[in-house]
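One structure is given below, encoded as structure tokens.
Every heavy atom of this structure was used, including side-chain atoms; hydrogens, water molecules and symmetry mates were not. Proteins get letters first, then strands, A, B, ... in listed order; numbering begins at 1 in each. This structure is a prediction, so every number in the text was calculated from the model and none was measured.
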Protein chains: 2
Amino acid sequence: MASSRGVRHDSMRARNLAVVLGEIRDAGPLTRAALAERTGLTKTTVSKLVSDLLDAGVVAENGAVRDGERGRPGVAVRLSGHRVATLGLEINVDYLAVCVVDLTLSVRLRRTKAAGNRDSRPERILAELRSLAESALMEAEAAGLRVAGAALAVPGPVEHGLLRNAPHLGWRDVRVTDLLDLPLEAAGPEARNFQAGNSEAAGFEAVGFEAVGFEAGNFEADNEANLAALGELWFGSGARDFLYVSGEIGIGAGLVVDGSVFRGTYGLAGELGHVVVAPDGPACRCGGRGCLEVYAGQDALLGEVGSIPELVARLEAGDPAALGACDTAGRALGLALTSAVHLLDPGMVVLGGVFAPLFPWLEGPARETLSARLGQMRRTPPRLAVSAIGADAAILGAAGLVIQRVFADPARALGL
Amino acid sequence: MASSRGVRHDSMRARNLAVVLGEIRDAGPLTRAALAERTGLTKTTVSKLVSDLLDAGVVAENGAVRDGERGRPGVAVRLSGHRVATLGLEINVDYLAVCVVDLTLSVRLRRTKAAGNRDSRPERILAELRSLAESALMEAEAAGLRVAGAALAVPGPVEHGLLRNAPHLGWRDVRVTDLLDLPLEAAGPEARNFQAGNSEAAGFEAVGFEAVGFEAGNFEADNEANLAALGELWFGSGARDFLYVSGEIGIGAGLVVDGSVFRGTYGLAGELGHVVVAPDGPACRCGGRGCLEVYAGQDALLGEVGSIPELVARLEAGDPAALGACDTAGRALGLALTSAVHLLDPGMVVLGGVFAPLFPWLEGPARETLSARLGQMRRTPPRLAVSAIGADAAILGAAGLVIQRVFADPARALGL
DNA sequence: GGATTATGTGCAGATTGTGGACTTAATGGT
DNA sequence: ACCATTAAGTCCACAATCTGCACATAATCC
């Protein structure tokens with residue numbers, strides 16, 4: 001039906017622009033000669049491509065490389081963050097958040113707004129988020145940044161831009177991106193990929209990136225857990241393969257394999273919270289019994305304690321009820337992770353969200369259970385680590401995702 | 001490190017060859033004009049590409065299309081299977097198998113050899129398989145087929161061509177592809193992708209295919225469950241998204257999402273057999289407790305019954321012990337699948353291997369458990385179906401995988 | 001200060017796709 | 001029976017892009 005399209009000269013150029021720009025991103029400042037060697041392109045070609053990237057303001061010359069070697073010194077080219085940026089947005093149960101991130105993944109702006117979004121009408125919340133986003137866009141523009149696109153994190157599964165079900169917001173089948181309707185420019189100056197018969201570049205775009213969930217245009221939405229996992233990928237410890245476990249009101253997870261998120265068939269993968277931990281355990285709100293969420297969800301962890309900081313205080317004071325809740329949660333987490341490791345084969349496991357501050361108390365029982373259960377199946381069980389970034393994971397991941405789109409096809413994103 | 005390489009004219013051509021050939025495969029016989037319209041290439045370009053594909057013998061003209069329309073009738077071009085074929089191989093605990101499949105996915109040859117491979121030395125088994133493969137290659141050659149490559153299914157996880165661990169064979173860290181050493185031609189007439197600085201085509205190859213586990217060359221190995229899943233994909237019911245559950249001595253699974261297999265970080269994904277079903281259940285040989293395999297593995301199903309056909313006979317006769325075993329296994333399967341559905345988000349679930357003949361007795365308890373547990377999380381639980389192909393799933397998938405490689409880059413595979 | 005060495009650019013040439021003109025081969029109306 | 005119409009496939013000049021080599025440039029080395 002869609003039938004893959006052939007490629008033409010401009011796609012070749014588009015691809016080579018992406019290769020060169022990607023190499024500059026991955027291997028630090030590089031001279032044109034070094035780029036030529038690494039990419040296999042000739043110096044001539046690299047020169048022309050770099051010249052266009054310079055014009056677009058996405059790279060900058062770094063001054064001569066004085067490396068003490070003989071011969072004419074090269075001029076290194078490095079990524080430049082002062083022209084292109086993207087917007088990350090998040091709707092969560094008790095706050096709205098926005099950030100602006102530039103091409104070098106520097107966070108240029110970050111703004112949070114506390115809000116009681118439990119069971120509110122989508123229109124109201126989205127209007128509130130829009131005003132937050134608009135002020136961020138204005139500020140970015142004032143700083144000379146061109147915002148190339150945006151992505152939105154929501155607390156529930158997203159399929160083709162449609163938020164399927166956000167139980168804690170009380171939303172169902174909401175077209176979040178349409179409703180938000182951000183004032184973003186079209187993808188290129190002439191919105192290349194919408195012109196009839198002119199979308200050849202698309203044939204190469206997908207290389208190395210999953211296209212699922214990427215709606216036409218430059219504004220997309222995805223599950224909070226998936227985007228938080230990407231946040232951990234680009235702003236965290238530097239690992240490229242891991243399962244990010246997001247402890248919020250519910251428990252989600254995002255699997256990153258070789259730098260991209262695994263979403264499953266309908267974008268519903270990673271629902272760690274309802275993995276079976278005890279087949280005859282207590283009933284869960286999902287309809288099942290003995291799901292992980294029953295033992296390690298925020299409600300189970302808190303019990304009658306009011307908040308996570310308060311829980312941490314009690315744990316530090318040695319409160320037996322709090323310690324017991326964490327021990328139970330940790331062991332349940334270990335069981336759920338056993339199944340997850342067997343099925344998903346993650347490179348490591350990163351605990352984020354509310355699990356991050358509780359990590360010292362969860363780690364022991366979780367690791368113990370996981371190690372004992374995995375037994376002979378693996379040389380070593382995957383490493384268990386705490387997330388390096390805090391509550392911002394999802395917005396950062398959202399903004400980073402759009403940055404990735406720019407790197408995947410700079411020609412399209414920048415109109416080159 | 002590897003650093004992605006730039007693309008040149010020949011990569012553009014390679015890609016367009018793949019696009020045209022793929023379109024012919026997917027959309028049946030098509031005229032050059034129809035191909036031009038579908039691919040967005042000009043009639044001129046399509047003509048040249050089709051001419052090369054005709055020369056390579058991978059497509060053939062189908063005679064004039066007399067569709068009653070006005071104007072000159074086109075000549076439809078269709079896939080041709082009488083030149084290029086691939087080899088599928090399998091080592092399992094109690095048999096060896098080989099098949100030859102042509103470009104149209106017609107099975108040209110199939111040969112099985114019963115063998116007691118439990119705890120045998122790899123060298124002996126591999127030599128036996130080689131002689132089986134060599135006779136298949138000779139026969140294929142005699143039929144005028146060019147064997148473009150081979151793939152091998154083994155009962156254990158494979159990482160970069162290395163069989164990590166096959167517990168029932170008693171093998172560990174065996175370089176199966178090296179040891180087998182098949183007499184295959186190099187990838188192209190001049191083995192294009194091995195020439196220094198001449199591997200540009202690789203830049204496009206990966207589009208739409210996972211490259212993990214694809215060793216340089218044209219002979220690769222993978223887990224039996226993954227390849228059986230691909231067999232189900234290309235030779236089964238036609239679904240493009242499903243979890244194939246392979247009931248053999250152990251229980252494995254292969255997830256297919258949008259036509260390609262999900263392998264996880266180290267190729268170990270899909271170990272359904274050791275998903276936690278009951279945290280305090282009986283000990284499993286893996287070191288854990290209450291794994292699915294304990295309840296639904298072949299040993300648990302058979303009990304003191306000698307074989308699967310005998311078990312089926314007892315089930316049909318209403319033997320209560322047999323019925324009880326299937327009920328237990330079905331319910332355990334339902335629990336494990338609940339976790340798998342939450343984590344992997346498969347489009348449907350296909351039961352294969354020994355589960356296929358037992359499907360009538362497993363289906364009820366499994367579906368019931370799965371439906372009850374998934375509850376509100378999904379509109380409908382994924383469909384539970386029986387595999388359409390029998391014991392050949394893995395060899396067919398292996399051969400089909402290599403066919404896919406040919407379609408992914410016909411220029412490389414055929415030396416165009 | 002000249003030889004040496006490496007960078008970056010200019011120019012001719014190669015490869016491949018494009019676009020429109022042209023040939024070919026059918027249908028259909030008169 | 002004949003010619004207009006329509007669509008398929010091919011031919012040829014042209015355009016886009018990369019390559020390879022020559023060359024100017026700018027350092028270090030002796």
Side-chain angles (χ1 to χ4, degrees), chain A residues 5-20 29-54 59 61-77 197-198 200-201 203-204 411 416, chain B residues 5-20 29-54 59 61-77 192 195-201 203-204 411 416:
Chain A
R5 315 227 82 200
V7 296
R8 318 181 356 182
H9 297 100
D10 51 343
S11 330
M12 177 163 59
R13 187 180 171 68
R15 173 74 185 151
N16 282 338
L17 269 172
V19 166
V20 168
L30 285 170
T31 64
R32 291 164 177 77
L35 280 167
E37 202 185 348
R38 289 174 150 267
T39 58
L41 297 166
T42 59
K43 287 186 292 176
T44 311
T45 304
V46 169
S47 259
K48 274 188 287 191
L49 296 172
V50 165
S51 155
D52 286 355
L53 293 172
L54 282 168
V59 301
E61 295 198 326
N62 213 13
V65 172
R66 217 153 303 227
D67 52 2
E69 296 290 306
R70 300 160 62 132
R72 173 177 169 178
V75 178
V77 176
N198 199 14
E200 331 74 276
F204 291 147
L416 291 179
Chain B
R5 315 229 81 199
V7 296
R8 318 178 358 181
H9 297 98
D10 50 343
S11 330
M12 178 164 58
R13 185 177 172 68
R15 173 74 184 149
N16 282 337
L17 269 172
V19 166
V20 168
L30 285 170
T31 65
R32 292 164 177 80
L35 280 167
E37 202 185 349
R38 288 173 152 266
T39 58
L41 297 166
T42 59
K43 287 187 292 173
T44 311
T45 305
V46 168
S47 261
K48 275 188 284 190
L49 296 172
V50 165
S51 156
D52 286 356
L53 293 172
L54 282 168
V59 302
E61 296 199 326
N62 214 11
V65 172
R66 217 153 303 227
D67 51 2
E69 296 288 308
R70 303 169 51 139
R72 174 176 170 178
V75 178
V77 175
R192 292 168 42 149
Q195 290 185 1
N198 200 13
S199 57
E200 331 75 277
F204 292 148
L416 291 178

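For Pro73(A), there are no side-chain contact (heavy atoms from CB on, under 4.5 Å) partners at least two apart in sequence or on another chain. Annotation: salt bridge (Lys or Arg N to Asp or Glu O under 4.0 Å) contacts of Glu37(A) (sequence neighbours excluded): none. Listed by chain and residue number, Ile24(A), Arg32(A), Val50(A), Val59(A) satisfy the side-chain contact (heavy atoms from CB on, under 4.5 Å) test with Val77(A) (two or more places apart in sequence, or in another chain).
Going from atom CG of Leu416(B) over to atom CG of Leu49(B) covers 10.0 Å, rounded to the nearest 0.5 Å. Atom CG of Leu30(B) and atom CG of Asn62(B) lie 10.5 Å apart (nearest 0.5 Å).
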| request: Start with the C-alpha distance between Thr31(A) and Val75(A), add both sets of side-chain angles, then the distance that settles side-chain contact (heavy atoms from CB on, under 4.5 Å), and finish with yes or no. | output: CA-CA 5 Å; Thr31(A) 64; Val75(A) 178; over 6 Å; no
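Remark: side-chain polar atoms of Asn16(A) are paired, donor with acceptor, to backbone N or O of Val7(B) under 3.5 angstrom.
Going from atom CG of Asn16(B) over to atom C1' of dT18(C) covers 12 Å, rounded to whole Å. Rounded to whole Å, the distance from CG on Leu30(A) to C1' on dG8(C) is 15 Å. When the C1' atom of dT9(C) is taken as reference, atom CG of Leu41(A) falls 16 Å away, rounded to whole Å. Straight-line distance from the CE atom of Met12(A) to the C1' atom of dG17(C): 9 Å, rounded to whole Å. If you measure from atom CG of Leu49(B) to atom C1' of dT18(C), you get 13 Å, rounded to the nearest angstrom. dG8(C) atom P lies 12 Å from atom CD of Glu37(A), rounded to whole Å. Atom CG in Leu35(A) sits about 9 Å away from atom P in dG8(C), given to the nearest Å.
With hydrogens and angles ignored, no donor-acceptor pair closer than 3.5 Å exists between the side chain of His9(B) and the base of dT16(C).
Looking at heavy-atom distances under 4.0 Å, Thr44(A) makes contact with a base. Across all strands, Thr45(A) comes closer than 4.0 Å to base atoms (heavy-atom distances). Looking at heavy-atom distances under 4.0 Å, Val75(B) makes contact with sugar-phosphate atoms alone, never a base.
Counting all heavy atoms, side chain and backbone alike, Val19(A) lies closest to Arg5(B) at CG2-O, 3.7 Å.
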Under 3.5 Å, which donor-acceptor pairs do the side chains of residues 40-48 of chain A form with other protein atoms, sequence neighbours left out?
from     : atom 1 : to       : atom 2 : distance (Å)
Thr42(A) : OG1    : Thr45(A) : N      : 3.3
Thr42(A) : OG1    : Thr45(A) : OG1    : 2.9

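Set against dT16(C), dG8(C), dT9(C), the side chain of Arg13(B) has dT16(C) as its closest nucleotide.
Two residues, Lys48(A) and Arg32(B), neighbour DNA chain D, and the one matched to the more 5' nucleotide by heavy-atom proximity is Arg32(B).
Taking the 5' to 3' direction, DNA chain D first and last meets chain B under 4.0 angstrom from a heavy atom at dT5(D) to dT19(D).
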Dump every N/O contact between nucleotides 25-30 of chain C and the protein below 3.5 Å, one line per pair.
from    : atom 1 : to       : atom 2 : distance (Å)
dA25(C) : N3     : Arg72(B) : N      : 3.3

